[in-house]
Amino acid sequence: MTAPKRTVLRLRRLAAALIALACAGTATACSGGDDRPRVVVTTNILGDITQEIVGDEAEVTVLMKPNADPHSFGLSAVQAAQLERADLVVFNGLGLEENVLRHVQTAREAGAATFEAGKAVDPLTFQAHDEGGPEEEAGQPDPHFWTDPDRVRKAAGLIAEQVAEHVDGVNDKAIHANAERYDDQLADLTAWMDKAFDRIPEQRRALVTNHHVFGYLADRFGFRVIGAVIPSGTTLASPSSSDLRSLTRAMREAGVQTVFADSSQPKRLAEVLRTELGGRVRVVELYSESLTTKGEGADTYLRMMRANTTAMTDGLTGA
C-alpha cells in the first residue's frame with residue numbers, strides 16, 4: 001500500500017477512535033462507533049473463502065447475496081459506502097462483477113486497498129469456437145477460476161497475505177494459521193475430486209453447460225468443453241438459432257447427452273436442447289457461480305465443489 005493510502009486509513013481509524021472516546025464520555029450512547037477492521041468481498045464464493053482466512057480477526061462483509069448472478073448483481077447506496085470504508089476489498093475481477101467494478105475503483109480512489117483474485121492466479125483465456133469456447137471472447141481472460149481448487153489454494157494464500165499487510169489490528173499468526181488449515185482442506189478437496197472423476201471414462205469427459213463457466217475445471221481434471229447453450233462467458237448474452245444448431249450438431253458428433261445447467265439460472269435454454277435432440281438430453285443442475293443460502297446444499301465453497309463433482313460424475317456415468 002502506498003504512503004498516502006496508509007495515511008488515509010490511519011486517519012479513518014483515528015476518527016473512529018475519537019468518536020468512540022467522545023461517546024464514552026457522554027450519558028447517551030452513540031451508535032455506529034464500531035471501529036473493527038473491515039474486509040469487503042464482492043462475490044459470495046470469494047466471501048466464504050475470505051471468511052475462512054480472516055476468522056474472527058476482522059469484520060467480513062459479502063456484497064453478493066446467495067443464489068445471485070455475479071454478472072448482473074448490483075449494489076445499494078449502503079453497500080457502495082461499505083466498499084469505500086473498507087480496509088481491504090477482495091474482488092474476483094476479470095470482468096465478472098460487471099455492475100460492481102466501478103464501485104471497486106471508487107473505493108480504491110478513496111484509499112481502500114483492493115485485491116483482484118482472478119488476475120493473481122494465472123488466469124486462463126477463453127478458447128476459440130472450434131474448441132468449444134465463445135468465439136467473440138476468444139483470447140479474453142476467463143474469470144471463473146474457482147472451478148479449479150488448486151487456483152483457489154493460491155488465491156486463499158494471497159488473500160491471507162493481503163489481510164496481514166493491509167488490515168491493521170489483525171493477528172498475523174492467526175491469519176496464517178487459518179490459511180494453513182484451509183489450504184489442507186482445499187488439498188483434500190482436489191484429491192477427492194481426482195478420485196471421483198476417475199470413475200468417468202475418458203471418452204465421456206465432455207461438458208456442455210448453460211454458459212462457459214467450467215474451463216478451469218476442464219483444464220485441471222482433463223475434460224473437453226463441447227460448448228454452451230449461451231455461447232459466452234457471461235449470462236448476460238443470449239444464443240442465436242445458429243448457435244443452438246451448431247451446439248446440437250457438436251453434441252451429436254461427440255455423443256453427449258447431458259447438459260449441466262446452473263441451479264440459480266432458468267433451465268429453459270437447456271430444455272431447448274432436449275427438444276432439438278429428440279428428448280435424449282439429460283439436464284443436471286450444478287452450483288456454478290453462486291453459493292446457496294445456509295442448508296441448501298452449497299452454502300460453502302467446499303460443499304459446492306463436492307456437490308458439483310458428485311452431480312457431474314453421476315451425470316456423465318449414467319448413475
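Predicted, not measured: the structure shown is a model, and the values here were computed from it. All residue numbers in this chain count up from 1 along the given sequence.
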Would you check if there is a donor-acceptor pair between the side chains of [Y] and [X] at a distance under 3.5 Å?
X: Gln82; Y: Arg85; answer: no
X: Asn67; Y: Thr292; answer: no
X: Arg199; Y: Thr313; answer: no

Spacing of [X] atom [atom1] and [Y] atom [atom2] [to the nearest 0.5 Å]:
X: Asp87; Y: Glu59; atom1: CG; atom2: CD; value: 10.0 Å
X: Tyr301; Y: Asn44; atom1: OH; atom2: CG; value: 13.0 Å
X: Glu165; Y: Leu88; atom1: CD; atom2: CG; value: 9.5 Å
X: Met304; Y: Ser288; atom1: CE; atom2: OG; value: 8.0 Å

By side chain to side chain contact (heavy atoms under 4.5 Å, CB included), which residues pair with [X], not counting sequence neighbours?
X: Leu124; result: Arg151, Tyr216, Asp219
X: Asp188; result: none
X: Glu97; result: Thr42, Thr43, Phe73, Phe91, Asn92, Val100, Leu101

Practice task
Give a yes or no on whether Val60 and Ile49 share a hydrophobic cluster (residues Ile, Leu, Val, Met, Phe, Trp, Tyr; joining criterion: side-chain heavy atoms under 4.5 Å apart).
Solution key: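 Yes: a chain of side-chain contacts under 4.5 Å links Val60 to Ile49.
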Handout entry: Shared hydrophobic cluster, Leu94 / Leu217 (ILVMFWY, side-chain heavy atoms < 4.5 Å)
Key = no
Handout entry: Atom CG of Asp56: over 12 foreign heavy atoms under 6.0 Å
Key = no
Practice task
Inspect the surroundings of CZ in Arg181 and state if more than 12 heavy atoms from other residues, nucleotides or ligands are less than 6.0 Å away.
Solution key: yes
Handout entry: Aromatic ring proximity, centroids under 6.0 angstrom, His71 and His144
Key =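 Yes, close enough.
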Handout entry: Pair Phe260 + Phe214: ring centers closer than 6.0 Å
Key = no
Problem - Intermediate values then yes/no, side-chain hydrogen bond (donor to acceptor under 3.5 Å, both in side chains), Glu296 and Thr293 - result: CA-CA 6 Å; Glu296 285 189 356; Thr293 55; 2.8 Å; yes
